[in-house]
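Below is one structure; the comments refer to it alone.
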Amino acid sequence: MVVLGGAAACSLLLGAGLNSGLLGDASSLVADSNSAAKVIFQKSCASCHAGGGNSVPFYGQADLSLASLKRNGYLEDDGAKIGAIVKNGKGIMPKFQEGPQALSDEEIQDLTAYVLERAREGWR
């Protein structure tokens with residue numbers, strides 16, 4: 001996996017996700033603070049989303065806080081919409097489904113669980 005910085009790292013703008021058909025059920029996942037997902041988040045997401053925030057101009061209200069994820073409809077499906085954004089990109093966020101920054105379905109699943117866990121804990 002190639003680690004990208006700057007705007008490209010924001011391709012995990014909303015973390016990663018579960019697609020109920022492809023990636024399984026979020027309730028079955030356990031993502032702790034020492035997981036591989038934390039490493040992926042730190043390398044690929046934190047430059048834009050440190051502490052669950054959003055440092056991208058014009059997208060500042062779409063952060064990874066529980067309130068923002070809920071307000072924007074990203075909690076209704078155990079993170080499947082988050083995973084879709086990670087896979088396909090959105091706005092300035094490139095897709096992580098292919099190319100040198102590609103993440104496997106398992107990595108996206110784990111990363112989604114990590115983002116949801118951190119959001120529920122207030123990014124402590």
Side-chain angles (χ1 to χ4, degrees):
M1 172 175 51
V2 173
V3 178
L4 303 173
C10 293
S11 20
L12 294 179
L13 181 64
L14 296 172
L18 297 171
N19 181 311
S20 59
L22 297 174
L23 300 175
D25 183 326
S27 63
S28 68
L29 299 175
V30 177
D32 64 41
S33 61
N34 295 319
S35 69
K38 179 179 179 180
V39 173
I40 293 169
F41 185 88
Q42 289 173 333
K43 289 181 178 180
S44 301
C45 311
S47 64
C48 294
H49 296 292
N54 188 349
S55 64
V56 179
F58 310 112
Y59 290 94
Q61 293 183 7
D63 59 29
L64 300 177
S65 68
L66 191 61
S68 180
L69 293 174
K70 184 175 183 176
R71 179 177 59 248
N72 292 301
Y74 292 106
L75 297 179
E76 298 169 1
D77 57 5
D78 289 330
K81 291 177 186 173
I82 295 170
I85 289 174
V86 172
K87 283 185 169 189
N88 302 311
K90 181 177 180 178
I92 66 168
M93 187 174 120
K95 57 186 170 184
F96 271 78
Q97 186 174 22
E98 56 190 38
Q101 75 277 6
L103 298 173
S104 70
D105 285 350
E106 183 178 349
E107 288 171 317
I108 292 172
Q109 178 179 349
D110 291 347
L111 190 53
T112 296
Y114 175 78
V115 167
L116 292 173
E117 176 186 323
R118 303 283 13 118
R120 288 184 182 114
E121 294 178 359
W123 287 90
R124 292 178 271 139

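Just the heavy atoms: all of them, side chains too, but no hydrogens, waters or symmetry mates, feed the values below.
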Original post:
Is there a donor-acceptor contact under 3.5 Å from the side chain of Asn72 to the main chain of Tyr74?
Top reply: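 It does not hold such a pair.
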**OP:** Enter the distance from Asp110:CG to Leu103:CG here, rounded to the nearest 0.5 Å.
**Re:**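 Here the rounded value is 10.5 Å.
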Original post:
To the nearest 0.5 Å, what is the distance between CD (Glu98) and CG (Asn88)?
Top reply: 9.0 Å
Original post:
Does the side chain of Leu111 come within less than 4.5 Å of Cys45's, by heavy atoms?
Top reply: yes
**OP:** Could you check if a side-chain atom of Trp123 sits within less than 4.5 angstrom of a side-chain atom of Asp63, using non-hydrogen atoms only?
**Re:**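 Not touching, per the 4.5 Å side-chain cut-off.
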What is the minimum heavy-atom distance between [X] and [Y], and which atoms define it?
X: His49; Y: Gly53; value: ND1-O, 2.7 Å
X: Ser65; Y: Ala119; value: C-CB, 4.3 Å
X: Glu76; Y: Lys81; value: OE1-NZ, 3.5 Å

Original post:
What residues form a side chain to side chain donor-acceptor pair (under 3.5 Å) with Gln97, not counting sequence neighbours?
Top reply: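 Expected list: none.
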**OP:** Sequence neighbours left out, what passes side-chain contact (heavy atoms from CB on, under 4.5 Å) with Leu75? Give chain and number order.
**Re:** Leu66, Leu69, Lys70, Leu116
Original post:
Residues in side-chain contact (heavy atoms from CB on, under 4.5 Å) with Glu121, at least two apart?
Top reply: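 Residues passing side-chain contact (heavy atoms from CB on, under 4.5 Å) with Glu121: Glu117, Arg118, Arg124.
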